[in-house]
Amino acid sequence: MPELEPEMRDLHLRLVAAPATATIVAGTETEVLSFRAEVLDGDPASVTSSGSYLGPTLHLRTGQRVRVDFDNEIDQDCIVHWHGLVLPQGQDGQPPEAVGPGERYEYDFTVPNEPGTYWYHSHTDMLTGEQVYRGLAGLLIVHGDEPGLPSRDNDFALVLQDRTIDADGTLRYAASMHDLMAGFVGSTLVTNGVAELALRVRREPYRIRLLNGANSRLQRLTWSTGEPLHAVATDGELLPETVDVPGLVLAPAQRTDLWMDFSGHEPGDRIELRAADLFVEAPGMGPGRGPGRGGGTPMLDPVEGVAVTFVVDDSPAEPGEVPARPGGSVAVHAADAVNADAPKQFVLSTFRASHWINDTQWAGREVTETETVAFGTTEVWEFVSRSPLTHPMHLHGQAFRVVERTWEDDGAAAAWEQIADGVVESGLRDTVVVWPGQRVRIVVPFDAHRGYFLYHCHILEHEDHGMMRSFLIE
Ligand code: C2O
Ligand code: CU
Ligand code: CU
């Protein structure tokens, strides 16, 4: 047998979650939790350092067998979830599988997904928010043939987060009940683990993979030059057609890959990717978060921060062309669903400082009839928001397509109108924004694996406070 190229070989990693220190704000040291990895067998380039508290970026390939020995060296239970990978129960990383301090969990799976942008993070019962905030998350990129997109040399992956850091470097998390209920928003934008990130770019087209890795902050992203953002992929899936948006809406856990050509810019130009916080003030929930926010009405925060600055170098300009058809196909149709005319309803509500789905909360492997699905069928699910808060709903086990948005109660419709042109969902997604008062219909093929999977709000404080359930594919 001829030897396979190293990058094609199977991969065996040791992944460790452990306390560490990192510099997030220049001049200070912060105590964090962090993943580190070691390649036991396979291509050493499968793991690249993030240079920050974030875990290393894992570079995998479609069809590759991956074994991961996960060692928990923190003083809480922990488990790793591979967000977006379509894996069987037991490999997916769910709270019931968490291992205690000093224990190991062994994963062994074959990467089923097409090339694209994914991530991994801790998924521990009641502790996901705190553990991810302290650092237990990283990027996972599936590589393969993606003709028409910039090569690996012109490929950035950016993790957008926020942190509250004291002058002495101490990381602050959710000090109040309000933080836990509304979702915790940090005061400093942090990209790839550092505040005020600046990256040098050549005068060429780039692929810029964006992951909203924040616990709760929903963002609208714009270029400082006013040009549109060209979206070529969402949640790991290439789009059938490139979508141009004036301002990209990215909810926690969502990914969108951009195509951006810096060739028209002059050497020394500084181009900012700006981020405005989007949120809806919840009536009766006390003082708003951040400056200038009162209670009562839905609003968008007009304050913009800078997520990253691209500094254009003096290389010769090599213009490229935006790919019109990045290559995705969306063979998921509501008409194929077994319940096309009678969607299953999942009512989202906020009551007594906690979050509910169909008046139930996280109860491990308990499932209702609504939460039971026949293997091999396609279903239409409808999230119905009776909550004053935004809930980005995520399904494990399968990407889905958004088919329709209507209103249950149009209280927050005006705020939605201001951002709707930045919501990209013409392809597949694994996380969908459900705005206050909205009904969002999705169509989901349940054809990958039988077993228990999770669906939950990806505002991690909501997930930790009830808004997560299992579903069973049987
Ligand atoms: Cu990214 Cu169940 O999570
Ligand atoms: Cu997930
Ligand atoms: Cu939520």
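Reckoned from all heavy atoms, side chains included, excluding hydrogens, waters and symmetry mates. Remember, it's a predicted structure, so these values are computed and weren't measured experimentally. Counting convention: from 1, in listed order, for ligands and their atoms alike.
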R207 bridged to E146 by N-O distance under 4.0 Å: yes
salt_bridge(R386, E408) N-O dist < 4.0 Å: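 Yes, charged N to carboxylate O under 4.0 Å.
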Identity of the N, O or S atom of H462 lying closest to the Cu ion (ligand 3): ND1
Atom nearest to the Cu ion (ligand 3) - H391, N, O or S atoms considered: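 That would be atom ND1.
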For the ring pair [X] and [Y], is the centre-to-centre distance below 6.0 Å?
| X | Y | answer |
| --- | --- | --- |
| Y107 | Y105 | yes |
| F156 | Y206 | yes |
| H83 | H123 | no |

Under 2.8 Å: N/O/S of C457 next to the Cu ion (ligand 3): yes
Residue H355, metal the Cu ion (ligand 3), N/O/S under 2.8 Å: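 Under 2.8 Å: H355 has no N, O or S contact with the Cu ion (ligand 3).
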2.8 Å cut-off met by an N, O or S atom of H81 to the Cu ion (ligand 2): yes
Aromatic ring pairing W381/F383, orientation class (parallel under 30°, perpendicular over 60°, tilted between): perpendicular
2.8 Å cut-off (strict), protein N, O or S atoms about atom 2 (Cu) of ligand 1: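 Protein heteroatoms (N, O, S) closer than 2.8 Å to atom 2 (Cu) of ligand 1 number 3.
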D92 versus W82, side-chain donor and acceptor atoms under 3.5 Å: no
Under 3.5 Å side-chain donor-acceptor pair for H81 and H121: no
